[in-house]
*Asks:* 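Take this structure first; my questions come after.
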Amino acid sequence: MMMETSLLEMIRTRGICAGHTYSCVVDDSFSVYGPMQIRKGFFFLLVTNGTACLDDVYRHYEIGTGNLVVLTPSTESVLGQLSSGFRMQVLYVVPDYFDSLPDGQALYNQVARLLGNFRLPVFVLERSRMEYLSQTLSLFSRQLEDLSLYRDGIIRHLCCFVLLQMADALCRENLESSVYVKRSSEIFRQFKKLLV
């Protein structure tokens, strides 16, 4: 029986740390580690090539090119069965840091309706949006380590930019979902944060 590997540990080992974030490209070479457990954090997964399986306690998801998956600390899932040529960009944001970002709530509002229905937030982006988001995620690179005076501010603004870019894409995909954050949604999110 194969033990599940933690995706967070893998991206900490093989990825890039920038402030309170880690980024990594997960490709089919990760298959040797077997299924990877995803939990206890904000994970943003953008599949740019190939397919994989994502499972939680309720459902099985086939994710592929153009899928954006937004996982929160209250969700647990397992990633596995990476196809040949699979490629996915991963951004992990430490939960306390995510909560300090002024633009995190706009994205959280887009995913909350799915979490309330026991579904993982798996979205399909049109190709141009996927490519633009991929370019933005590429900015979480080793060059951030070379910055000194304004590094923290640059990383903070970069995180806000990515979160707003995702929220904008999801608003366009889900026209029935409100762009504005209801006070009740914010209170509920704070409650769930305390529970976790």
*Asks:* Determine whether V26 and L45 make a side-chain contact, defined as any pair of heavy atoms from C-beta on separated by less than 4.5 Å.
*Replies:* no
*Asks:* Check the pair Q89, S134 against side-chain hydrogen bond (donor to acceptor under 3.5 Å, both in side chains), reporting the backbone distance first and the verdict last.
*Replies:* CA-CA 7 Å; Q89 290 171 274; S134 176; 2.5 Å; yes
*Asks:* Within a strict 4.5 Å, meaning less than it, do heavy atoms of the L120 and Y61 side chains meet?
*Replies:* yes
*Asks:* Closest heavy-atom contact between Y92 and K40?
*Replies:* OH-O, 3.6 Å
*Asks:* Please say yes or no: joined through hydrophobic side-chain contacts below 4.5 Å, possibly via intermediate residues, are L91 and L144 part of one cluster?
*Replies:* yes
*Asks:* Would you please test C159 and Y97 for side chain to side chain contact (heavy atoms under 4.5 Å, CB included) and show each step?
*Replies:* CA-CA 10 Å; C159 286; Y97 186 68; 3.9 Å; yes
*Asks:* Between D28 (side chain only) and G85 (backbone N and O only), is there a donor and an acceptor less than 3.5 Å apart?
*Replies:* yes
*Asks:* Given the ring of F123, does R129 sit roughly above its face, with NZ or CZ under 6.0 Å from the centre of the six-membered ring and within 45° of the axis?
*Replies:* no
*Asks:* For the residue pair R156 and L101, establish whether any side-chain heavy-atom pair is separated by less than 4.5 Å.
*Replies:* yes
*Asks:* With a sphere of 6.0 Å drawn around CD of Q81, does it hold more than 12 non-hydrogen atoms of other residues, nucleotides or ligands?
*Replies:* no
*Asks:* Looking at CD1 of I155 and CG of L139, how far apart are the two atoms once the value is rounded to the nearest 0.5 Å?
*Replies:* 12.0 Å
*Asks:* Just wondering, do F86 and V47 contact through their side chains at under 4.5 Å, heavy atoms?
*Replies:* yes
*Asks:* Parallel under 30°, tilted from 30 to 60°, perpendicular over 60°: which one fits the rings of F98 and F42?
*Replies:* parallel
*Asks:* Heavy atoms, side chains only, cut-off 4.5 Å: are M130 and T65 in contact?
*Replies:* yes
